[in-house]
Every structure is written in structure tokens, then in C-alpha cells.
Amino acid sequence: MIEVEGVSFAYEEGGPTILHDINLTIPQGQWLAIIGPNGSGKSTLARHLNGLLLPAAGRVLVEGLDSRNQEELWQLREQVAFVFQNPDNQLVATTVEDDIAFGPENLGLSSQEITRRVEDALAITNLADLRKKPPHLLSGGEKQRVAIAGALAMASRYLVLDEPTSMLDPSLRLSVIETLQYLHKELGLGIIYVTNIMEEAYLAQRVIILEQGHLIAEGAPKEIFAFPDFTRLGLEQPDIYRLGARLGLTGVSSVPELVAKLLQLKYQVIENR
């Protein structure tokens, strides 16, 4: 479990407060989306979850480990991996497999354990055929999958992603999302996902909204997209949600669900004739 308790933060002492008294609990294995207008503090909050930033007030606990405790910080970061918006910021080696091995090597693991973790991560992310390829020659979607594979090799329980698909075209975006869905559903990995793409937020089990550093709403996606201030914040409801609402089918979250509800309505009409 990740616990955010009364966290406030400013980048400079005496500077503007970016996060205001944030309280949040993230159970292990949950997919949480963090949304909000630009400048709302989404990335700042995400970077607190694995100790990249430390709170000015309050605390962040991961499985009981306190990010403010330097003796616990590295162990905490093993639990919570981070994937940046631009994967080039975290790819460091000359081949894909060496990049994936970088984290486990820094943990001082045996060569046998490192090899096992790398092989597993390559298989899960469908990167085995690219193992010898230099990361800088990969597509944007492939680079993000390498970054995710590196997180997997750390055996982390949680994966925090800061707008990982914002620089990708739709097809590459889909490949990353499919990888994350597999990790969540099949491996039980907790996903904390910062995004401005509402169709992606719809995939989460739970969504929170930040506005000017304040946590102003949280709930299931269907509840959040019906939040009265949603459009005031400059956020757009997903197309499928708006289409369902126009048809009188509120809370529709996918095309199959929309089709199923329309067929149900059709059969009800036939039965009532």
C-alpha cells in the first residue's frame, strides 16, 4: 500500500506551494489515474510516490517505508518504479538487454538472477527480438516498453508512469497500453498513471483530479467524468462517454458496453410491442 499523508510541497523555500495537504491511499494492485489541468501538480505528486521528490510537510509511505528516511529510500524505490514521459531520459545502455539489466545490476544481484529477470522482462514486453538493438534506434513505443521492462526487472510492486504515451502516435500508444493492461491483470502490478488523455484514464479502476495542487475529486471513472466541475477544468470527457450520454446511456466506458446496452434497449422495445 502507498500512503500519502498530508503532503505539501514547494520547489523552493518561500516559493509557491505546488501540492496542498494531499491525502491519498493506493492499495497494492490498483490502477489509479491522476488527471487535472496543466500545472495542477500531477507530475509533482507522481514523483513523490517513489521518493524522486520529498514532501515539505507530511509523509509518503510505501509498504511502511518512509521516503524521508534515507536508510529506507532505496528499498522504497525498489518497490515503486518510475517511467518518464520521454523514455530517452532513462535509457542508459548500448543495447536493450543491457538497459533492462542496469537496475538489477545496481542492486548487486547474482548474474543468474539478473539474467532470469531480464529474460522474463523481455518476454513480457515482447522485446526479445530487439534485445541486441541500441535503444536510440527504437521507435517511441518500443523505447517506452524498454523503460517498462527495466521497471519489471526491478521486481517492483508499483509502476508510476508520467504521461508515457503523450509523445506517441495512436498505434504506438496502443502497444504501450496493452503492455500495461497485461502487467496489471496478469501480474497484479499496481499502476499509477498520470495522463491528459481521458480515454486512457477510463481504463483505471480509480481516478483522482488535481486542481492547483489540491485533490478535489476521486472515484471510479464513471463518477469522475460526471463530476460537475469536470469541463470547467478544461478536461474533455471521453468520446465514448459523451456518445453514451447523448443516447441516454450514462456511464458507458467502452464500445462493447455501448453495443451491449443498445442491444438490450432494442430487445426491451421488441418485448414491449
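FYI, the numbering just counts along the sequence from 1.
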Name of the residue among L91, L122, L130, V83 meeting side chain to side chain contact (heavy atoms under 4.5 Å, CB included) with V146: L91
Do L152 and Y182 land in one hydrophobic cluster if side-chain heavy atoms of ILVMFWY residues count as linked below 4.5 Å? yes
When rounded to the nearest 0.5 angstrom, what distance separates CG in L138 from CG in L127? 7.5 Å
To the nearest 0.5 Å, how far apart are CD in E72 and CD in Q79? 11.5 Å
Heavy atoms from other residues, nucleotides or ligands near [atom1] of [X] exceed 12 (cutoff 6.0 Å):
| X | atom1 | result |
| --- | --- | --- |
| E63 | CD | yes |
| F102 | CZ | no |
| E218 | CD | yes |

With under 30° as parallel and over 60° as perpendicular, where do the rings of W31 and Y193 fit, or are they tilted in between? tilted
In terms of side-chain geometry, is the basic nitrogen of [X] or [Y] positioned less than 4.0 Å from the acidic oxygen of its partner?
| X | Y | value |
| --- | --- | --- |
| R131 | E119 | yes |
| E211 | R232 | yes |
| E142 | R145 | no |

Let me see the working for I224 and M198 under side chain to side chain contact (heavy atoms under 4.5 Å, CB included), right down to the final yes or no. CA-CA 11 Å; I224 291 299; M198 295 303 107; over 6 Å; no
